[in-house]
Amino acid sequence: MIHQKVKEAINHYSEELTALRRKLHSEPELSWQEENTTKFVCAYLENLGITYHRTEPTGVIAEIKGGKPGKTVALRGDMDALSVQQLNKDLSYASKEDGKMHACGHDAHTAMLLIAAKALNEVKDELPGNVRLIFQPAEEVAEGAKALVEQGAVEGVDNVFGIHIWSQMPTHKVSCSPGPSFASADLFTVTFTGRGGHGAMPQDCIDAAIVASAFVMNVQPVISRTIDPQQPAVLTVGKMTVGTRFNVIAENAVIEGTVRCFDPSTRDHIEKQLTHYAEQVAGIYGAKAKVEYTRGTQAVINDEYSANLVQKVAAEAFGEEVVYDEKPTMGGEDFSFYLDEVPGSFALVGCGNPEKDTEWAHHHGRFNIDEDALATGAELYAQYAWAYLNE
């Protein structure tokens, strides 16, 4: 199942892999602004002789044509950074862009996929099928995968595989269990409209601040008392905007939050309950409520066959001890849009190492990775493609 030449190539290119990651880390670009990253990926692929085309407005889809007929497997790596100020500025490869940082590891994903492509390209004549390479923009705004699917990213693809570097797991560990991995991630906005007035005359008003506060303080029973407790779900109110002045009773209040879960029927239920609850709370006070519920990413549900193959590949490539069972996360991932189209799986590769200060949470200003994990990720990409095409 494991291709020895691929393993040797990844090891041989390990220093280049680290250099690629550091270059990308120092030059972060936000979602839909990955122009220089896109150009860099295109130039790298062109130098390898791998055919590619740019997607719009950013991103790259490439393909390694195997020497023998067979299936097509897609490998996805995302490219965008975050609006986060880098705090560990002592790093030699710290971000050069103020207020922008690769605080989630997408720089590592891009570098790992480039080196995996380089290794696979060296054995392309042996490949019984094709390897699609998806360098995706705008994962952090949950728009890139959907846009690339619409631009043909998985047309003719039989299976899709992605990796996320994971600081919450020890370096080199690989987790890819069948079933739920990442939750669906939705956004809701509730606007309450009351009747404003002078702060000294509350009897003439309907205080939107009171209405919104009642909603925030009491909305959690939507989760704790209306859904099956064996179906995990999270409802978080993250923002509340109300009022204009200390002595003016607020006429309007706007609340923003997110809903995370794994089960589609639970998702439908929470959406309906949120609207019902907001309207009822508003009604108690004589106010009005408007609910906008926006569906973001789907839940990432790993295909059983594909996830089991990842575990087999990881065990054979790195030893059985690397296979790790990381519990599902309520984080969102737009890799789900590929899985809506074709079967596949999404693996986590550990990069957490307390001795190297790489256990900070994703999206934190001190986030960093143990770069020893890069070769694990690059080889897992390449060996999975080889194994799948030879199954």
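- The CG atom of Asp186 sits 8.5 Å away from atom OG1 of Thr294, with the distance rounded to the nearest 0.5 Å.
- Asp325 and Ser177 share a side-chain donor-acceptor pair at under 3.5 Å.
- More than 12 heavy atoms of other residues, nucleotides or ligands sit less than 6.0 Å from atom CD of Gln231.
- Distance check: Lys68 NZ to Leu389 CG gives 11.0 Å after rounding to the nearest 0.5 Å.
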Chi angles and distances behind the side chain to side chain contact (heavy atoms under 4.5 Å, CB included) call for Val60, Leu45: CA-CA 10 Å; Val60 184; Leu45 295 171; 3.9 Å; yes
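- Crowding of Gln230 atom CD: a count of heavy atoms from other residues, nucleotides or ligands under 6.0 Å not exceeding 12.
- No side-chain donor-acceptor contact under 3.5 Å links Ser95 and His25.
- With salt bridges taken as basic N to acidic carboxylate O contacts below 4.0 Å, one links Glu371 and Arg22.
- Atom-to-atom distance recorded for Ile10:CD1 and Leu120:CG is 7.5 Å, nearest 0.5 angstrom.
- A pairwise comparison of heavy atoms in Pro221 and Ser224 identifies CA-OG, 3.2 Å as the closest pair.
- Screening Phe346, Tyr388, Tyr384, Trp386 for a ring-ring contact (aromatic ring centres under 6.0 Å, His included) involving Phe161 leaves a single residue, Tyr384.
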Derivation and outcome, salt bridge (Lys or Arg N to Asp or Glu O under 4.0 Å), residues Glu271 and Arg295: CA-CA 10 Å; Glu271 179 179 357; Arg295 297 208 170 197; 2.9 Å; yes
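- Side-chain contact, Glu29 with Thr37: a donor N or O sits under 3.5 Å from an acceptor N or O.
- Ring centroids of Phe192 and Phe215 are separated by less than 6.0 Å, placing the two rings close together.
- By the side-chain hydrogen bond (donor to acceptor under 3.5 Å, both in side chains) test, Gln220 is found to be paired with no residue, residues two or more places apart in sequence or in another chain being considered.
- Atoms CG and CG, on Asn159 and Leu309 in that order, are 8.0 Å from each other to the nearest 0.5 Å.
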Intermediate values then yes/no, side chain to side chain contact (heavy atoms under 4.5 Å, CB included), Leu24 and His106: CA-CA 9 Å; Leu24 293 166; His106 298 186; over 6 Å; no
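- Ion pairing between a basic and an acidic side chain is recognised when a charged N comes within 4.0 Å of a carboxylate O; Glu251 and Arg195 show no such pairing.
- Counting non-hydrogen atoms of neighbouring residues, nucleotides and ligands closer than 6.0 angstrom, the NE2 atom of His12 reaches no more than 12 such neighbours.
- The shortest distance between side-chain heavy atoms of Val73 and Val157 does not fall below 4.5 Å.
- Between the side chains of Glu63 and Tyr52, no donor-acceptor pair of N or O atoms lies under 3.5 Å.
- Counting only heavy atoms from C-beta outward, the side chains of Ile61 and Arg132 approach each other to under 4.5 Å.
- Transitive grouping of hydrophobic side chains (ILVMFWY, heavy atoms separated by less than 4.5 Å) brings Ile210 and Val190 into a common cluster.
- A salt bridge links Glu27 to Lys23: one of the charged nitrogens lies within less than 4.0 Å of a carboxylate oxygen.
- For the pair Asp334 and Lys146, the salt-bridge criterion is not met [side-chain N within less than 4.0 Å of a carboxylate O].
- Residue-environment remark: NZ (Lys312) stays at or below the threshold of 12 foreign heavy atoms within 6.0 Å.
- Asn302 and Ser345 are not linked by any side-chain donor-acceptor pair at a separation below 3.5 angstrom, with hydrogens and angles left out of the test.
- A side-chain donor from one of His3 and Glu126 sits under 3.5 Å from a side-chain acceptor of the other.
- Taken from NZ in Lys65 to OG1 in Thr51, the straight-line distance is 6.5 Å, to the nearest 0.5 Å.
- A side-chain donor from one of Glu379 and Gln383 sits under 3.5 Å from a side-chain acceptor of the other.
- Relative ring orientation between His164 and His109 is described as perpendicular, the plane-to-plane angle rising above 60° on a 0-90° scale split at 30° and 60°.
- Side chains of Asn353 and Glu359: no donor on one and acceptor on the other come within 3.5 Å.
- Heavy-atom minimum distance, His362 versus Cys104: ND1-O, 3.3 Å.
- Minimum heavy-atom separation, Ala233 to Thr266: CB-CG2, 4.4 Å.
- A donor and an acceptor atom, one from each side chain of Thr258 and Arg260, are located under 3.5 Å apart.
- Contact annotation: the side chain of Leu187 never approaches that of Val259 to less than 4.5 Å [non-hydrogen atoms, C-beta and beyond].
- Aromatic pair Trp166/Phe182: centroids less than 6.0 angstrom apart.
- No side-chain N or O of Arg225 forms a donor-acceptor pair with one of Gln273 less than 3.5 Å apart.
- At a cut-off of 3.5 Å, with distance as the only test, a side-chain donor of Thr58 or Glu34 sits close to an acceptor on the other residue.
- The heavy-atom pair separating Val310 from Cys176 by the smallest distance is CG1-CB, 3.6 Å.
- Few gaps surround NZ on Lys356; more than 12 heavy atoms of other groups in view lie less than 6.0 Å from it.
- With respect to Lys124 and Glu122, no salt bridge is recorded, no charged nitrogen being found less than 4.0 Å from a carboxylate O.
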Residue pair Phe188, Val237: steps toward the side chain to side chain contact (heavy atoms under 4.5 Å, CB included) verdict: CA-CA 9 Å; Phe188 67 85; Val237 173; 4.1 Å; yes
Verdict with reasoning, Val349 to Leu380, per side chain to side chain contact (heavy atoms under 4.5 Å, CB included): CA-CA 9 Å; Val349 172; Leu380 187 61; 3.9 Å; yes
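- Residues Arg54 and Glu35 are paired through a salt bridge, judged by an N-O separation under 4.0 Å between the basic side chain and the carboxylate.
- Side chain to side chain, Gln136 and Tyr338 meet the donor-acceptor criterion of an N or O pair below 3.5 Å.
- Shown here are the salt bridge (charged side-chain N to carboxylate O under 4.0 Å, His left out) partners of Glu333, two or more places apart in sequence or in another chain: Arg76.
- Side-chain N/O atoms of Ser306 and Asp303 include no donor and acceptor closer than 3.5 Å.
- Ser175 OG to Lys173 NZ: the interatomic distance, rounded to the nearest 0.5 Å, is 11.0 Å.
- Between Thr171 and the choices Asp370, Thr358, Thr376, the side-chain hydrogen bond (donor to acceptor under 3.5 Å, both in side chains) rule is met once, by Asp370.
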